[in-house]
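I'd like to ask some things about the structure below.
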Amino acid sequence: MAKRKRGTQQADNKLNDATVAPLPQKKHYRQRAHANPFSDHSLEYPAAPRHIDWSTHYPAYANTGKLPEFADVGCGFGGLLITLAPLFPDTLMLGEILAMFNHVRQSLDHPQGLEIRVQVSQYVQDRIAALRVNAASEAAASSTEGPQTAHYQNISIVRANAMKFLPNYFAKHSLSSLFFLFPDPHFKSRKHKARIISPTLLAEYAYALQPGGIVYTITDVKDLHDWMRSHLEAFPLFAYVDEETLRAEGKGPIIDAVYTSTEEGKKVERNKGDKWLACFRRIEVERREKVDLLT
């Protein structure tokens, strides 16, 4: 076989370089580990979920009627979304980078992420954009027929404060999975009101989560784990479900991602720390018929 000319090989390399988007580096997106959830950040919110144009987040799914089904509250650097995207290519996911919820601590069914810190949200947006470009280039260069799984068109984020405006983004019973991964523990007693799992917020989570949907919580702080589990167990619309049951139901890949995909989870592994998982199913409560006390 004749050898390829060096000029041809160099041209191919230039073509490959032109079609591959470099992934962003965290060192260029420095940000404080926490944001004050009670501050009035300069953010615009939709009046209601119906006012959101999801085609700007998921252009590949424009005019399909699809809505986000996975929501990662305080999505940090987007590790969970990016891990789940190829596993559930037809599920829309949204991450919230929130003013109130901070995924990184100092110590889609499209998935969507909610994160409030400016530099972190920009990093995740740039990362998703680069992954989409690279996936499209790989698909165009591949001769393999069949559906493309890792297209990353099913994930997006918004910069928002989920503790205040979660119902502005998600309609009633629209979510099938809700994630709270390594949230800020707010150790001081006077700061417990700022914890992402609290009696005042559980009603909103139950509103957005469809019956049968799952709330996933994980932390490396035992006190916070006990706090989240006790409050969820006390709420009448959530029932604890163990890890073995969820894996038997086919949710093993999700649980694996919950354990290992986030920056905080990887740091805990490096430090050989413990991780505390607690999952709860949204249950349906039958309404009692009204009794006419006058009869």
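On a predicted model such as this, the values are computed, not experimentally measured, just so you know.
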Identify the two heavy atoms, one from L84 and one from P253, that lie closest to each other, and give their separation to 0.1 Å.
CD2-O, 4.4 Å
Between K66 (side chain only) and D90 (backbone N and O only), is there a donor and an acceptor less than 3.5 Å apart?
yes
Hey, what's the ring geometry for F165 with Y45, parallel, tilted or perpendicular (30° and 60° as the breaks)?
parallel
Could you check whether the rings of Y61 and Y58 sit parallel, tilted or perpendicular, using 30° and 60° as the cut-offs?
perpendicular
Mind checking what makes side chain to side chain donor-acceptor pair (under 3.5 Å) contact with H192, not counting sequence neighbours?
R195
Taking only residues two or more places apart in sequence, or in another chain, which ones meet K191 in a salt bridge (charged side-chain N to carboxylate O under 4.0 Å, His left out)?
none
For A171, give me all partners under side chain to side chain contact (heavy atoms under 4.5 Å, CB included), at least two apart in sequence or on another chain.
P49, S174
Mind checking whether I52 and V158 have side chains closer than 4.5 Å, heavy atoms only?
no
With heavy-atom distances below 4.5 Å as the criterion, would you say the side chains of F238 and L209 are in contact?
yes
Any side-chain to backbone donor/acceptor pair from H225 onto A278? Under 3.5 Å, distance only.
no
In this structure, CD1 of I254 is separated from OG of S176 (nearest 0.5 Å) by 7.5 Å
What's the spacing between L81 CG and T262 OG1 if we round to 0.5 Å?
11.0 Å
Spacing of Y152 atom OH and I128 atom CD1 [to the nearest 0.5 Å]:
10.5 Å
K251: which residues meet the side chain to side chain donor-acceptor pair (under 3.5 Å) condition with it, sequence neighbours left out?
none
Closest heavy-atom pair, I214 versus C279, reported as atoms and distance to 0.1 Å, is CG2-CB, 4.2 Å
Might you work through the side chain to side chain donor-acceptor pair (under 3.5 Å) test for Q122 and D126, ending with a clear yes or no?
CA-CA 6 Å; Q122 188 61 56; D126 293 346; 2.9 Å; yes
Listed by chain and number, what are the side chain to side chain contact (heavy atoms under 4.5 Å, CB included) partners of P59, not counting sequence neighbours?
R132, Q153
Please round to the nearest 0.5 Å and tell me the distance separating atom OG1 of T217 and atom CG of L277.
6.5 Å
Return the minimal non-hydrogen interatomic distance between H57 and S156, and the atom names on each side.
ND1-OG, 2.7 Å
Say whether, by atom type as modelled, one donor and one acceptor occur between the side chain of W227 and the main chain of I197 under 3.5 angstrom.
yes
What's the spacing between Q210 CD and L175 CG if we round to 0.5 Å?
7.5 Å
Please list, chain by chain and in numerical order, all residues satisfying salt bridge (charged side-chain N to carboxylate O under 4.0 Å, His left out) with D226, sequence neighbours excluded.
K222
Side-chain touch I255/Y216, heavy atoms, less than 4.5 angstrom:
yes
Not counting sequence neighbours, which residues clear side chain to side chain contact (heavy atoms under 4.5 Å, CB included) with R190? List them please.
K188
Are F235 and F280 close enough that their ring centres sit under 6.0 Å apart?
no
Between V268 and F182, is a side chain to side chain contact (heavy atoms under 4.5 Å, CB included) present by the stated rule, with each step listed?
CA-CA 10 Å; V268 174; F182 300 97; 4.1 Å; yes
Is there a side-chain contact between H231 and S198 (heavy atoms, below 4.5 Å)?
no
Among the clusters formed by ILVMFWY side chains lying less than 4.5 Å apart, do W276 and L232 turn up in the same one?
no
May I ask you to test the R282-V215 pair for a side-chain heavy-atom distance under 4.5 Å?
no
Taking side chain to side chain contact (heavy atoms under 4.5 Å, CB included) as the definition, give me every residue that meets it alongside D256, ordered by chain and number, with sequence neighbours left out.
R247
Is the ring pair Y123/F77 parallel, tilted or perpendicular, if the boundaries are 30 and 60 degrees?
perpendicular
Check for me, please, whether L201 and Y207 land in the same ILVMFWY cluster - side-chain distances under 4.5 Å, paths through other members count.
no
Tell me the salt bridge (charged side-chain N to carboxylate O under 4.0 Å, His left out) pairs involving residues 227-239, sequence neighbours left out?
R229-E233
Test item: F187 and D223 side chains (from C-beta on) under 4.5 Å apart, heavy atoms
no
Closest heavy-atom contact between T83 and A257?
CG2-CB, 3.9 Å
Applying the 4.5 Å side-chain criterion to the ILVMFWY set and letting contacts propagate, would L202 and V285 be lumped into a single cluster?
yes
Under the salt bridge (charged side-chain N to carboxylate O under 4.0 Å, His left out) test, residues paired with R281 that sit two or more places apart:
E249
CZ (R159) and CD (Q125) are apart, to the nearest 0.5 Å, by 10.0 Å
N271 side-chain N/O to G273 backbone N/O, donor-acceptor pair under 3.5 Å
no
Identify, with sequence neighbours excluded, every residue that meets side chain to side chain donor-acceptor pair (under 3.5 Å) alongside S55.
D53
Exercise: identify the closest heavy-atom pair between P183 and M228
CG-SD, 4.1 Å
Charged N to carboxylate O under 4.0 angstrom, K266 versus E269?
no
My understanding is that only residues two or more places apart in sequence, or in another chain, count here; which of them pass side chain to side chain donor-acceptor pair (under 3.5 Å) with S230?
none
Between P167 and E204, the two heavy atoms sitting closest are CD-OE1, 3.6 Å
Do the non-hydrogen side-chain atoms of V73 and Y205 ever get within less than 4.5 Å of each other?
no
Is there a side-chain contact between Y259 and I218 (heavy atoms, below 4.5 Å)?
yes
